[in-house]
Amino acid sequence: PFGDRKYADMSPVIYTGINLRQHPQTRSITIDQTHYIEKLREVPLKQYSDGLLDHRGQTQFWSQLGALLWVAVNTRPDVAYDISHYASYGTKPEKQHLASLNKLVRTLQSREYTITLEKVAKEWDDMTLVVFTDAGHTSRPSGHSQAGTMIFWAPKDVLKGQEVRALMADYSSAKINRAVWSSYASELQAATIATDSAVSVLLLYEQVRWGLKAKQVQEKLTNKTQTRVLVTDNKGLYDSIQVEKPSTRQGVKMQSLVYQILYDLVVDHGFQTFWVNGEHMLADGFTKLSSSGARVDLIRDVMELSLIHISEPTRLESKS
């Protein structure tokens, strides 16, 4: 009932506003929401005064926000933070916030992007999971921080410094619920969220492939025969993991507890950690507004080219 599969090789199957097309030659699958995005319309602003919106304006704000959110969580990671940011004004939206949502509509309609799902390795065991994690300290209007995560499946040659085609497995831009008072603490929280998400991806893929029970899969994932990759642009966090203890703010109980959770996840599931300069952090675009200098161009490059590259033992870059 959600689309005609008969001609899926020539035209997309539309499922809940998402276009899925399998290409007959490469057998790769591309996902986009072009048809859905084309139908989005800007909300006329002349009818509203500056400042807080009236009831009708609030309803239009929420409606537009919901329509944009459906795009952000499915096929357009490049606008994920901006939409999350303006969602925080949901209880008291102003005319300027509605104008910002209109701008996002124009951004989405200005250029099409797709997510490509394709075979990136000959065998299952030839792949590794690459996880980018970043945080925007107090970047939200409420003063909370934002966690950004971008997860890829990539051939293991990525660990040898080769440029490889990678498959985007998951991404997210979400508020860190616990308020933190330092950049290091924000990065620590974000890395824990990202690593936990990566473990969930590993569990899901292994269960789909083998049909094993969760406990059996967990035992398989912690046998330390596979190497996974965790990438951060926070040198303090990177150094902490190398020396097996938090590097700063000694004595903060909650921070120490979160660090221990992260360290156990990293060690138990065989994550190798890398440090990357902030200019090459793919998850940066999930942590602050694009108008504030977020590197959403890196996210768009990956969507377009599907290429990532490790050039040095402690540096992971995207193809730009």
**OP:** Could you give me the CA-CA distance, side-chain angles and deciding distance for H137 and S186, then say whether side-chain hydrogen bond (donor to acceptor under 3.5 Å, both in side chains) is met?
**Re:** CA-CA 6 Å; H137 182 57; S186 297; 2.7 Å; yes
**OP:** Give the intermediate values and the outcome of side-chain contact (heavy atoms from CB on, under 4.5 Å) for residues F132 and I151.
**Re:** CA-CA 6 Å; F132 291 86; I151 303 175; over 6 Å; no
Original post:
Between T16 and W70, is a side-chain contact (heavy atoms from CB on, under 4.5 Å) present by the stated rule, with each step listed?
Top reply: CA-CA 10 Å; T16 61; W70 186 242; 3.7 Å; yes
Subject >> Evaluation steps, side-chain contact (heavy atoms from CB on, under 4.5 Å), between S240 and Y184 >> reply: CA-CA 10 Å; S240 294; Y184 173 85; 3.1 Å; yes
Subject >> Residues T75, Q33; criterion side-chain hydrogen bond (donor to acceptor under 3.5 Å, both in side chains); working and verdict >> reply: CA-CA 7 Å; T75 61; Q33 288 174 279; 2.5 Å; yes
Original post:
Can M303 and T116 be said to form a side-chain contact (heavy atoms from CB on, under 4.5 Å), step by step?
Top reply: CA-CA 7 Å; M303 292 180 71; T116 301; over 6 Å; no
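Residues meeting the side chain to side chain donor-acceptor pair (under 3.5 Å) test with K39, sequence neighbours left out: none. Every residue two or more places apart in sequence or in another chain that forms a side-chain contact (heavy atoms from CB on, under 4.5 Å) with T26 is listed here: H23, S28. Qualifying side-chain contact (heavy atoms from CB on, under 4.5 Å) partners for S142, counting only residues two or more places apart in sequence or in other chains: R140, H144. Residues meeting the salt bridge (Lys or Arg N to Asp or Glu O under 4.0 Å) test with E38, sequence neighbours left out: none. Residues passing the side chain to side chain donor-acceptor pair (under 3.5 Å) test with D32, sequence neighbours excluded: N19, T34. When the side chain to side chain donor-acceptor pair (under 3.5 Å) test is applied to T287, no partner is found at least two apart in sequence or on another chain. In this structure, the side chain to side chain donor-acceptor pair (under 3.5 Å) partners of W124, at least two apart in sequence or on a different chain, are E206. In this view, N177 and K175 satisfy the side-chain contact (heavy atoms from CB on, under 4.5 Å) rule, not counting sequence neighbours. Judged as a ring pair (Phe, Tyr, Trp, His ring centres under 6.0 Å), and not counting sequence neighbours, Y113 has no contacts. Annotation: side-chain contact (heavy atoms from CB on, under 4.5 Å) contacts of L289 (sequence neighbours excluded): Y81, D82, H85, Y86, S291, S292.
Counting only heavy atoms from C-beta outward, the side chains of L52 and K92 approach each other to under 4.5 Å. Annotation: side chain of V164 is not in contact with side chain of V120 (no heavy-atom distance under 4.5 Å). Counting only heavy atoms from C-beta outward, the side chains of L230 and T133 approach each other to under 4.5 Å. L53 places a side-chain heavy atom less than 4.5 Å from the side chain of K95. You'll find the side chain of P141 reaches within 4.5 Å of the side chain of Y89, heavy atoms only. Counting only heavy atoms from C-beta outward, the side chains of M150 and I299 approach each other to under 4.5 Å. By the 4.5 Å heavy-atom criterion applied to side chains, R295 and M281 are not counted as neighbours. Contact check for L262 versus L188: side-chain heavy atoms found under the 4.5 Å cut-off.
Side-chain N/O atoms of Q146 and S173 include a donor and acceptor closer than 3.5 Å. Side-chain contact, T114 with T30: no donor N or O sits under 3.5 Å from an acceptor N or O. In summary, the side chains of S145 and Q189 do not present any donor paired with an acceptor at a separation below 3.5 Å, with no hydrogens or angles considered.
Residue I193 shares its hydrophobic cluster (ILVMFWY side chains chained together at separations under 4.5 Å) with I176.
More than 12 non-hydrogen atoms from other residues, nucleotides or ligands lie less than 6.0 angstrom from CD of Q207.
Interatomic distance, CE of M168 versus OG of S306, reported as 7.5 Å (0.5 Å rounding). Between atom CG of residue L98 and atom CD of residue Q58 there is a gap of 11.0 Å, rounded to the nearest 0.5 Å. Note that CD of Q272 is 4.0 Å distant from CZ of F274, once rounded to the nearest 0.5 Å. If you take CD1 on I261 and CG on D196, they are separated by 9.0 Å, rounding to the nearest 0.5 Å. Taken from CG in N74 to CD1 in I115, the straight-line distance is 8.0 Å, to the nearest 0.5 Å. With rounding to the nearest 0.5 angstrom, the CG atom of D157 is 12.0 Å from the CD atom of E163.
Between the side chain of Q22 and the main chain of R27, a donor-acceptor pair closer than 3.5 Å is present. In this structure, H280 contributes its side chain and N277 its backbone to no donor-acceptor pair below 3.5 Å. Of the possible polar contacts, none joining the Q226 side chain to the T128 backbone as a donor-acceptor pair under 3.5 Å is found. Side chain of T107 to backbone of K103: a donor-acceptor contact under 3.5 angstrom is found. Side chain of N102 to main chain of V43: a donor-acceptor pair is present (N/O by atom type, distance under 3.5 Å, no hydrogens or angles). At distances below 3.5 Å, not a single donor-acceptor pair connects side-chain atoms of R111 with backbone N or O atoms of L108. For the pair Q47 (side chain) and P44 (backbone), a donor-acceptor distance under 3.5 Å is present. Side-chain atoms of Q216 come within 3.5 Å of backbone N or O of K213 as a donor-acceptor pair.
Sorted by first and then second residue, the ring pair (Phe, Tyr, Trp, His ring centres under 6.0 Å) pairs with a member in residues 186-214 read W153-Y205; sequence neighbours excluded.
Linking Ile, Leu, Val, Met, Phe, Trp and Tyr residues whenever their side-chain heavy atoms come within less than 4.5 Å places F271 and V217 in a single cluster. By the criterion of side-chain heavy atoms lying less than 4.5 angstrom apart, applied directly or through intervening Ile, Leu, Val, Met, Phe, Trp or Tyr residues, V130 is grouped together with L203 in one hydrophobic cluster.
Between G90 and W62, the closest heavy-atom pair is O-NE1, 2.7 Å.
With salt bridges taken as basic N to acidic carboxylate O contacts below 4.0 Å, none links R56 and D54. Between D297 and R300 there is no salt bridge, since no side-chain nitrogen of the basic residue lies less than 4.0 Å from a carboxylate oxygen of the acidic one. Taking 4.0 Å as the cut-off between side-chain N and carboxylate O, K156 and E123 do not count as a salt-bridged pair.
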